[in-house]
Amino acid sequence: MSAQSTATDTGSTTWLRRYHPGGRSRARLVCFPHAGGSASFFHPVSARFAPGTDVVAVQYPGRQDRRREPCLDDISVLADRIAAALAPLPPGPTVFFGHSMGAVLAFETAWRLERTGAGPDAVVASGRRAPATHRAEAVHRLDDDGVLAELRLLNGTASAVLADEEILRMALPAIRGDYRAVETYTCAPDRRISAPITVVTGDSDPKTTEDEAGAWQGHTTGAFAMHVFAGGHFFLIEHQAAVDAVIAAELDRVAGDRT
């Protein structure tokens, strides 16, 4: 999916995208893409919530307009850079939403920002097991055919893209780098944020069981909720309206908490 974005403030233009800016926003929604994903994945979310909500999508290096930059294959480094990009934004009610690898980055970025007193008011973690859970995964070590087989299993990339050899040649380095980042990531069981965490997950996701998703509760000292939808790893595409409703409820809550 492609879309035109507009620049954010000077210190954040490399990392952050706004697709529907303008208007007076009562809250901010920061969106973190999945492994191999890009900011434009959240264009429909931006269309749904802007301009009443300031929707900001994170753009990782190595893809789309950042395709000439080297990928960052370490979650800690990515979270450091994202936190630095978000820090200059004006304060206000904020929700982080991340899918898959993006859920991990939303959590790690929130943890970093909370240490400076500027954390989000809520985190919505989608399609990812809790940070301290572990699986022995090494997709990033597979050959190109193996990585593509994983993408087809998860059904997160349109078949037309998977069939386009030129696009794949451009995308595979970023995909592999992202897989390396999330598959080598570790988190201490006692790492917690104070922001409430809401989890959305698919009941047949091969990457996350319901127990693994429920373990997110141990990573917040705030409230916790979980919503289970029918579907696999990219259940949120089929259930976009319902997932948007979960996000909307969090935005309404944090905006109300600040009034």
Side-chain angles (χ1 to χ4, degrees), residues 15-17 27-46 48-49 53-61 63 72 74-83 85-86 89 94-114 119-133 154 156 174-175 177-179 181-183 185 187 191-193 195-202 205 207-208 212-213 215-217 219-220 222 224-227 229 233-237 239-240 243-244 246-251 254:
W15 286 90
L16 308 179
R17 304 289 178 271
R28 177 176 296 120
L29 175 64
V30 182
C31 301
F32 298 73
H34 54 280
S38 58
S40 63
F41 179 79
F42 293 108
H43 188 271
V45 176
S46 177
R48 160 66 177 83
F49 289 104
T53 297
D54 177 23
V55 182
V56 178
V58 177
Q59 185 77 303
Y60 312 138
R63 66 217 68 208
L72 295 178
D74 184 289
I75 291 293
S76 293
V77 175
L78 278 163
D80 286 345
R81 302 285 179 84
I82 297 167
L86 291 172
L89 297 184
T94 300
V95 173
F96 283 4
F97 174 73
H99 181 67
S100 194
M101 183 183 81
V104 171
L105 280 168
F107 171 75
E108 288 290 340
T109 303
W111 183 80
R112 284 158 170 76
L113 289 173
E114 281 192 353
D121 299 277
V123 172
V124 180
S126 170
R128 178 69 188 181
R129 59 187 182 272
T133 61
L154 298 180
I175 294 169
D178 288 353
Y179 270 105
V182 76
E183 289 177 345
Y185 166 74
C187 177
R191 175 166 289 193
R192 294 177 178 86
I193 58 175
I197 295 177
T198 297
V199 169
V200 289
T201 190
D205 186 346
K207 290 292 187 180
T208 306
E212 288 173 327
W216 276 95
Q217 185 169 8
H219 290 281
T220 177
F224 176 79
M226 187 167 83
H227 305 268
F229 297 91
H233 191 61
F234 281 88
F235 68 92
L236 75 171
I237 295 175
H239 299 285
Q240 181 176 330
V243 174
D244 284 351
V246 172
I247 297 171
E250 288 302 291
L251 288 167
V254 305

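When reading the values below, keep in mind they use all heavy atoms of this one structure, side chains included, and skip hydrogens, waters and symmetry mates. When a residue number appears, it is its place in the shown sequence, counting from 1.
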Minimum heavy-atom distance V254-T94, with the two atoms named: CG2-N, 4.3 Å
Shortest non-hydrogen separation from S126 to F235 and the atoms involved: OG-CZ, 3.5 Å
Nearest heavy atoms of D178 and G37, plus distance in Å: OD2-N, 4.3 Å
So, the side chain of E108 versus the backbone of L78: is there a donor-acceptor pair under 3.5 Å, distance only? no
Which pair of heavy atoms, one from M101 and one from Y60, lies closest together, and at what distance? CE-CE1, 3.5 Å
Closest non-hydrogen contact found for Y185 with P131 is OH-CB, 3.5 Å
Min side-chain heavy-atom separation L16-V58 under 4.5 Å: yes
Between D121 and V95, is there a donor-acceptor pair closer than 3.5 Å when you use the side chain of the first and the backbone of the second? no
When rounded to the nearest 0.5 angstrom, what distance separates CZ in F107 from NE2 in H219? 5.5 Å
F42 backbone acceptor or donor facing S46 side chain under 3.5 Å: no
To the nearest 0.5 Å, what is the distance between CZ (R129) and OG1 (T201)? 11.5 Å
Can F32 and V104 be said to form a side-chain contact (heavy atoms from CB on, under 4.5 Å), step by step? CA-CA 9 Å; F32 298 73; V104 171; over 6 Å; no
Distance (rounded to the nearest 0.5 Å) between D244 CG and R48 CZ: 5.5 Å
Side-chain donor/acceptor of T220 to backbone N/O of G222, under 3.5 Å: yes
Please lay out, stage by stage, how H99 and F234 fare under the test ring-ring contact (aromatic ring centres under 6.0 Å, His included). CA-CA 9 Å; H99 181 67; F234 281 88; 5.0 Å; yes
Is the number of heavy atoms from other residues, nucleotides or ligands within 6.0 Å of CZ (R81) greater than 12? no
When rounded to the nearest 0.5 angstrom, what distance separates CZ in R63 from OG in S40? 10.5 Å
Assess whether side-chain contact (heavy atoms from CB on, under 4.5 Å) is satisfied between V123 and I193, documenting all intermediate values. CA-CA 9 Å; V123 172; I193 58 175; 3.8 Å; yes
So, using side-chain contact (heavy atoms from CB on, under 4.5 Å) as the criterion, who are the partners of A39 when residues are at least two apart? R17, Y19, A57, Q59
What is the minimum heavy-atom distance between V77 and D74, and which atoms define it? N-OD1, 3.0 Å
Qualifying salt bridge (Lys or Arg N to Asp or Glu O under 4.0 Å) pairs, either residue in residues 29-39, two or more places apart: none
Is a side-chain N or O of W15 found less than 3.5 angstrom from the main chain of A83, in a donor-acceptor match? no
What distance separates R112 CZ from D80 CG, expressed to the nearest 0.5 Å? 4.5 Å
Can you tell me how far CZ of F96 sits from CG of L113, rounded to the nearest 0.5 angstrom? 5.0 Å
